[in-house]
There are 2 protein chains.
Amino acid sequence: MPDESKLQLQLSCGSVVGMEPKPDAITLTAWARLVRTQQVLLERVEADLKQASLPPLRWYDVLLELRRAGAGGLRQFEIGAAVLLNKHNLSRLLDRLEAEGLLQRHVCEEDGRGARVRITAAGRDLLKRMWPVYGGAIAAHFEQYFNDKELRQLAAMLGRIPGVAR
Amino acid sequence: MPDESKLQLQLSCGSVVGMEPKPDAITLTAWARLVRTQQVLLERVEADLKQASLPPLRWYDVLLELRRAGAGGLRQFEIGAAVLLNKHNLSRLLDRLEAEGLLQRHVCEEDGRGARVRITAAGRDLLKRMWPVYGGAIAAHFEQYFNDKELRQLAAMLGRIPGVAR
DNA sequence: GGCATATAGTTGCAATTGCAACCATATAGA
DNA sequence: TCTATATGGTTGCAATTGCAACTATATGCC
């Protein structure tokens, strides 16, 4: 939500004469747009999901991760690492998903502390139902503004930030 | 938090034979990285602010908006539009900032319903104190991975999404 | 003027998130 | 083996967010 044109103002205010400003104007514009892009796009995609009476994106992320893991399932900390959610919140998110019958927590053989989480048929079904809306939203709110080359560039650039590509 | 490699899996599951998939693989990679970038970067920047015992980014955004507006101040809905925050939450965010003495709400001459919000000296001071940390975080977590040309490209591309550039 | 509707902002309530403390099991070292 | 520490996960509490209902003023239409 930072406003590009104002962030730039900061330069003169925040820096001492003789010191070059930390991030320059172009950086700040790019930063501001990046932040804003995310906010705008996620809002639009979530709105589409809600309008289709579907659960939020995070549910999709978790279930997708679990489906990929297959029969073996995943440890909670693995899910947390994948969807960038801390253990406290993940624990309760999984509570909700489990309550909806979308996944199951099993006792973990290798580690008595942990649980092993597996997706259920209902979970897989929800993924299938969410995808058309989710995919449609990505196409409508994001894809249409770029060509293939640009999308590739975008992915390549962002992938350089540590923790983004995986 | 969507995982690139898995989103692609979706293609085969969600689409009917003969129909081309809605968003293609490149799109999904770019999308996933965009979402992840935001999450990762904001987390890092917020962490830096917190470590410096400074308030969250949103406070900065609002105060910056107000400082730019100058003596005239802003209506609440104008702030809301600028920082992409709905009126309910903005109202309470402003409560907090006002309680901290960072801004003031005045009665609005032109519109008896509304308030006019102005930044205070303390608000301006907070902006000054936050900037070094915020700017430093942008440099450390974002700027360093790109050159000028790339930053310009990034800004130009994202600016095409409606609602991003302003 | 008088009524219907739209807009600005606030408040109450439920859901989500962040943070800290906590329990249980694993692991490492004496 | 026995203790200290680290790790996986849950729970309680406060702060934040989202949503719906509400108040008050403004605007448009008769």
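Remember, predicted model here, so these are calculated numbers, not experimental data. In what follows, chains are A, B, ... by sequence order, proteins preceding strands, each numbered from 1.
Two residues, Lys50(A) and Leu90(A), neighbour DNA chain D, and the one matched to the more 5' nucleotide by heavy-atom proximity is Leu90(A). In this structure, Leu85(A) and Asp111(A) both approach DNA chain C, and ranking their closest nucleotides by distance from the 5' end singles out Leu85(A).
Using a cutoff of 4.0 Å between basic side-chain nitrogens and carboxylate oxygens, Arg118(B) and Glu98(B) are not scored as salt-bridged. With respect to Arg116(B) and Glu109(B), no salt bridge is recorded, no charged nitrogen being found less than 4.0 Å from a carboxylate O. Using a cutoff of 4.0 Å between basic side-chain nitrogens and carboxylate oxygens, Glu43(B) and Lys50(B) are not scored as salt-bridged. Between Glu65(B) and Arg166(B) there is a salt bridge, since at least one side-chain N of the basic residue sits less than 4.0 Å from a carboxylate O of the acidic one. A salt bridge links Arg152(A) with Asp148(A): the closest approach of a Lys/Arg side-chain nitrogen to an acidic carboxylate oxygen falls below 4.0 angstrom.
Glu78(A) places its CD atom 12 Å from the C1' atom of dG8(D), with the value rounded to the nearest Å. In this structure, CG of Leu57(A) is placed 12 Å from P of dT17(C), rounded to the nearest angstrom. Counting to the nearest Å, the P atom of dT17(D) and the CH2 atom of Trp59(B) are 11 Å from each other. For Leu93(B) and dG9(C), the CG to C1' distance is 14 Å, given to the nearest whole Å. Note: NE2 (His88(A)) to P (dG9(D)) measures 12 Å, nearest angstrom. Look at CZ on Arg75(B): it is 10 Å from P on dA26(D), rounded to the nearest Å. A straight line from CD of Glu110(A) to P of dT27(C) spans 11 Å, rounded to a whole angstrom. In this entry the distance linking CG of Leu94(A) with P of dG9(D) reads 9 Å, nearest Å.
An OP1 or OP2 oxygen of dT10(C) is reached within less than 4.0 angstrom by a side-chain nitrogen or oxygen of Ser91(B). At least one side-chain nitrogen or oxygen of Arg105(A) sits closer than 4.0 Å to the OP1 or OP2 atom of dT10(D). Residue Asn86(B) places at least one side-chain N or O closer than 4.0 Å to OP1 or OP2 of dG18(D). Remark: Asn89(A) is in phosphate contact with dG18(C), judged by side-chain N or O atoms under 4.0 Å from OP1 or OP2. Between dT7(D) and Gln76(A), no contact under 4.0 Å exists linking OP1 or OP2 to a side-chain N or O.
Remark: Gln51(A) CD is loosely packed, at most 12 non-hydrogen atoms of other residues, nucleotides or ligands lying under 6.0 Å away.
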Produce the list of close N/O pairs, under 3.5 Å, pairing protein atoms with atoms of nucleotides 13-15 of chain D; give distances to one decimal.
{"from": "dC13(D)", "atom 1": "N4", "to": "Arg92(A)", "atom 2": "NH1", "distance (Å)": "3.2"}

Can you give me the N/O atom pairs linking the protein to nucleotides 2-7 of chain C at distances under 3.5 Å, or say none if there are none?
{"from": "dT7(C)", "atom 1": "O2", "to": "Arg113(B)", "atom 2": "NH1", "distance (Å)": "2.5"}

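For the residue pair Thr120(A) / Gln104(A), no side-chain donor-acceptor distance below 3.5 Å is found, with atom types taken as modelled.
Remark: side-chain polar atoms of Thr29(B) are paired, donor with acceptor, to backbone N or O of Ala25(B) under 3.5 angstrom.
Distance check: Leu90(A) CG to Gln76(A) CD gives 5.5 Å after rounding to the nearest 0.5 Å. With rounding to the nearest 0.5 angstrom, the CG atom of Leu42(A) is 9.0 Å from the CD atom of Gln39(B).
In the set dG18(C), dT10(D), dC19(D), the nucleotide with an atom closest to the side chain of Lys87(A) is dT10(D).
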